[in-house]
Amino acid sequence: MPRVLAVVNQKGGVGKTTTAVNLSAALAQAGQRVLLVDLDPQGNATMGSGIDKRTTTRTVYHALLGLSELASIRQRAEKGGYDLVPANRDLAGAEVELVELEARETRLKAALERVAMDYDFILIDCPPSLSLLTVNGLAAAQRVLIPMQCEYYALEGLSDLVATVKRVRANLNPQLEIAGLLRTMYDPRNTLSQQVSRELETHFGDKVYRTVVPRNVRLAEAPSYGVPAVLWDAGSKGAQAYVALADEVLEHP
Ligand SMILES: Nc1ncnc2c1ncn2[C@@H]1O[C@H](COP(=O)(O)OP(=O)(O)O)[C@@H](O)[C@H]1O
Ligand SMILES: [Mg+2]
């Protein structure tokens with residue numbers, strides 16, 4: 001069975017999508033069979049994987065609502081070397097429609113089970129909220145990867161996230177564990193960054209990934225070409241960080 005990792009943080013702009021896309025590409029480069037699920041109506045992971053969300057008619061929304069099988073929704077992200085379940089703004093309405101349905105929290109899990117044997121890793125790029133969509137991501141996952149920026153407010157909201165993980169573990173998914181905290185957009189010249197980074201290590205110990213993702217312009221520009229930075233500029237510091245992260249994930253899957 002595949003390892004299923006949900007990339008979660010209810011804050012926007014902390015590097016969830018960048019992590020989901022580049023970790024998927026790096027794992028694929030390492031020979032793993034990878035499925036990336038875009039679970040955010042913004043569809044950034046879809047566009048960043050080179051698939052046009054505007055012309056995609058069947059998305060994760062259709063899988064959640066039971067309108068299509070994932071096997072017929074997934075597409076090949078050619079450049080990245082992984083499969084993608086796309087998302088677009090259709091998904092924004094799913095929240096409301098899901099509430100009416102049976103097993104509304106485990107619909108993604110059920111849909112993924114039917115394609116699970118095709119993959120070694122399934123990554124889920126969650127939206128910036130602790131909504132029913134994110135709960136679907138957490139219910140389907142074994143492990144949670146939490147990207148965070150090393151800034152003053154980094155820890156704010158972490159307790160809400162941890163509480164949500166505990167609630168999902170108690171009610172829906174007893175095996176759910178936090179895989180690790182990932183420091184993103186790190187600026188080594190910024191003393192506050194350094195301080196927050198050290199605090200994270202002190203408080204969370206080996207739950208903090210050794211790999212630190214630096215602030216790197218290649219990571220920010222790659223999405224506009226629809227190519228993961230890991231391939232767009234393999235020599236860049238940002239790409240190298242995500243290759244190192246993939247090694248860590250493979251070490252402790
Ligand atoms: N390490 C990084 N260095 C520079 N820019 C980054 C880095 N990580 C992410 N970005 C940029 O920051 C913005 C937010 O990142 P994103 O991955 O979309 O966050 P989220 O999915 O958490 O909202 C995007 O424009 C992205 O390209
Ligand atoms: Mg995102």
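These numbers come from a predicted model, not from an experiment. Remember, it's 1-based here, ligands and their atoms both numbered in the order they're listed.
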Exercise. With hydrogens left out, which residues have an atom under 4.0 Å from ligand 1, given that only heavy atoms count?
Worked result: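 Shell around ligand 1 (4.0 Å, heavy atoms): G12, G13, V14, G15, K16, T17, T18, M185, V213, P214, R215, N216, L219, A220.
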For this session: Applying side chain to side chain contact (heavy atoms under 4.5 Å, CB included) between C150 and each of V196, V212, L192, T184, report the one that passes.
Result: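 Filter result, single survivor: V196.
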Exercise. So which of L138, L64, L108 actually passes side chain to side chain contact (heavy atoms under 4.5 Å, CB included) with L133?
Worked result: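 Of the listed residues L138, L64, L108, the side chain to side chain contact (heavy atoms under 4.5 Å, CB included) partner of L133 is L64.
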Exercise. What pairs of residues pass the ring pair (Phe, Tyr, Trp, His ring centres under 6.0 Å) test when at least one of them lies in residues 210-248, not counting sequence neighbours?
Worked result: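 Passing the test, one end in residues 210-248: Y225-W232.
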Problem set entry | salt_bridge(R74, D118) N-O dist < 4.0 Å |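 Counted as a salt bridge, because a side-chain N and a carboxylate O are separated by less than 4.0 Å.
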Exercise. Taking NZ, NE, NH1 and NH2 as the nitrogens, is one of them in D83 or R76 under 4.0 Å from a carboxylate oxygen of the other?
Worked result: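 Yes.
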For this session: Decide salt bridge (charged side-chain N to carboxylate O under 4.0 Å, His left out) for E251 and R210; before the verdict, give the C-alpha distance in whole Å, the side-chain angles of both, and the deciding distance to 0.1 Å.
Result: CA-CA 12 Å; E251 231 173 87; R210 290 190 307 276; 3.6 Å; yes
Exercise. Within less than 2.8 Å of the Mg ion (ligand 2), how many protein N/O/S atoms are there?
Worked result: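 Counting protein N, O and S atoms closer than 2.8 Å to the Mg ion (ligand 2) gives 1.
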Problem set entry | K166 atom NZ, neighbour heavy-atom count above 12 within 6.0 Å |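 No, the 6.0 Å shell around NZ holds no more than 12 heavy atoms from other groups.
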Exercise. Minimum heavy-atom separation for S236 to R218, with atom names?
Worked result: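 Reported closest heavy-atom pair: CB-CG, 3.7 Å.
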Exercise. In the hydrophobic cluster built from side-chain contacts under 4.5 Å, what are the other members alongside V96?
Worked result: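 The other cluster members (ILVMFWY side chains, heavy atoms under 4.5 Å, direct or chained): none.
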